[in-house]
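What follows is a single structure, written as structure tokens, with notes after it.
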Amino acid sequence: MSEKTPKLRTALDGIPTYKPGRPAAAGGPVTYKLSSNENPYPPLPGVLEQAVTAAGAFNRYPDMACTGLMAELSERFSVPVEHLATGTGSVGVAQQLVQATAGPGDEVIYAWRSFEAYPIVTQVSGATPVQVPLDSDEVHDLEAMLAAITERTRLIFVCNPNNPTGTVVRRAELESFLDRVPSDVLVVLDEAYCEFVRDAEVPDGLDLYRDRPNVCVLRTFSKAYGLAGLRVGFAVAHEPVAAALRKTAVPFGVSQLAQEAAVASLRSEAALLERVDALVAERTRVVEGLLGQGWTVPETQANFVWLRLGDRTADFAAACERAGVVVRPFPGEGVRVTIGESPAMDLFLEAAEGFRKAL
């Protein structure tokens, strides 16, 4: 007699598996991990102490409403508490956004290549992903994204700066885009890397959301703030959207340790800015080094660089690993390289130069 297996949702068929950046091999020749967009610095001053104190109450549930963090975010960004929602990193909030807006028969638009979680959270919700290719400069093609809107479109992700290319959409074109998106379609400005932006023409999404009820801004503590391991992100949106996000959140999803660390991080802004400035300076050095070697490098405003390598991607990643750094390959497309410690970037530049000379 044949055994039956549990029936699972057919919407899960064909969903890609999220692939995290591969870690450095323990005890092996690899020294530096540049495959995940992590901050190489330790927690900001005062954060570890606050987290250790919070750890003493692990036997208790966290504050499900994230009251202290919400109040701190409200003051820091001059937004009403009612316009805030938290989640397990910005990717957790992104999944809440799709769950709140889209289901079977609905469509979610995003650029491609962009953040690889977008197709996953879309398909998990049962909605249909609509991928719009980046333009020849590796930038969001907003006109093509507008043309992709149908009566079934419920949500549009705009990753700015874009992961993994680091490219940006500037104010005039983004405002023109937002003005033409139907008012009943939610536009999510995913600004996970906004602290690294130095282009004055790149808008702060919070300025755009304030008078646009269909705009939501997504932020995280994982990148510039260096809390990737604690999983805390947040969204800023008008009250109906924010309320829906709080409904779709996993109860007690953001630990008390994460909440306290995030508050302490917000209160350590001077040190944050100093570290971000150092990473931006290192980014400039790396880009200039690559350009000097003859590589084509899209202008990046994030904490990583992108090299489109096509069928040479795997070989390049292997060459970097032999040199002592792990990068993030996207097979057949290119590699993303996180800006890390200067010694790591020296090794990467040496590997890139050797690879190019061998072509």
Side-chain angles (χ1 to χ4, degrees), residues 16-24 30 32-38 91 110-120 129 131-141 144-145 157-169 190 192-193 196-197 199 223 279-280 282-340 344-359:
T17 301
Y18 187 94
K19 297 178 181 178
R22 197 162 61 81
V30 176
Y32 295 102
K33 178 189 177 188
L34 305 178
S35 53
S36 295
N37 293 329
E38 299 162 332
V91 66
Y110 50 86
W112 199 251
R113 177 169 285 276
S114 191
F115 183 32
E116 63 182 306
Y118 296 156
I120 298 172
Q131 299 182 348
V132 178
L134 298 171
D135 68 18
S136 59
D137 295 320
E138 308 279 10
V139 178
H140 279 61
D141 189 338
M145 293 176 76
F157 283 110
V158 177
C159 192
N160 203 33
N162 185 48
N163 176 16
T165 62
T167 53
V168 290
V169 176
D190 187 344
Y193 304 95
F196 300 99
V197 172
D199 185 336
K223 312 304 180 186
L279 287 170
V280 169
E282 187 67 12
R283 176 183 76 192
T284 300
R285 182 179 79 90
V286 171
V287 169
E288 290 176 350
L290 290 169
L291 292 174
Q293 293 174 10
W295 293 99
T296 298
V297 186
E299 181 184 356
T300 176
Q301 293 290 321
N303 68 330
F304 50 84
V305 295
W306 169 255
L307 295 176
R308 186 166 285 281
L309 292 155
D311 57 10
R312 296 175 294 164
T313 296
D315 290 340
F316 183 88
C320 288
E321 185 165 345
R322 288 193 297 271
V325 291
V326 175
V327 299
R328 176 69 168 88
F330 294 84
E333 297 181 67
V335 298
R336 187 194 66 200
V337 186
T338 303
I339 302 300
M345 305 321 296
D346 289 339
L347 291 176
F348 165 69
L349 287 171
E350 290 174 12
E353 184 175 28
F355 188 88
R356 188 159 185 84
K357 286 180 177 178
L359 291 178

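All heavy atoms count here, side chains included; hydrogens, waters and symmetry mates do not.
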Exercise. Does the side chain of Tyr110 pick up a donor-acceptor pair with the side chain of Asp190 at under 3.5 Å?
Worked result: no
Problem set entry | Straight-line distance of Trp306 CH2 to Thr296 OG1, nearest 0.5 Å | 13.5 Å
For this session: Taking the side chain as every heavy atom from C-beta outward, state whether Trp112 and Pro119 have any atom pair closer than 4.5 Å.
Result: yes
For this session: Return yes if some donor-acceptor pair links the side-chain N/O of Arg336 with the main-chain N/O of Ser35 below 3.5 Å, else return no.
Result: yes
Exercise. Counting N and O atoms only, with roles assigned by atom type, does the side chain of Gln301 sit under 3.5 Å from a partner on the main chain of Asp199, one being a donor and the other an acceptor?
Worked result: yes
Exercise. Under 4.5 Å between any side-chain heavy atoms of Trp295 and Leu309, yes or no?
Worked result: yes
For this session: Measure the shortest side-chain to side-chain distance between Met345 and Val337 over non-hydrogen atoms and say whether it is less than 4.5 angstrom.
Result: yes
Exercise. Cut-off 3.5 Å, side chains only: do Asn162 and Ser114 have a donor facing an acceptor?
Worked result: yes
For this session: Give the ring-plane orientation class for Tyr193 versus Phe196, where under 30° counts as parallel, over 60° as perpendicular and anything between as tilted.
Result: tilted
Exercise. Is there a donor-acceptor contact under 3.5 Å linking the side chains of Asn37 and Arg328?
Worked result: no
Problem set entry | Ring geometry between Phe348 and Phe316 (parallel below 30°, tilted from 30 to 60°, perpendicular above 60°) | perpendicular
Exercise. So how far is it from Phe355 CZ to Gln293 CD, rounded to the nearest 0.5 Å?
Worked result: 12.0 Å
Exercise. If you round to the nearest 0.5 Å, how far is CZ of Arg308 from CG of Leu134?
Worked result: 7.0 Å
Exercise. Can we say Arg285 and Glu282 salt-bridge, meaning some charged N sits less than 4.0 Å from an Asp/Glu carboxylate O?
Worked result: yes
Exercise. Does the Thr167 side chain pair with the main chain of Glu138, one donor and one acceptor, at a distance under 3.5 Å?
Worked result: yes
For this session: Determine whether Phe330 and Glu116 make a side-chain contact, defined as any pair of heavy atoms from C-beta on separated by less than 4.5 Å.
Result: yes
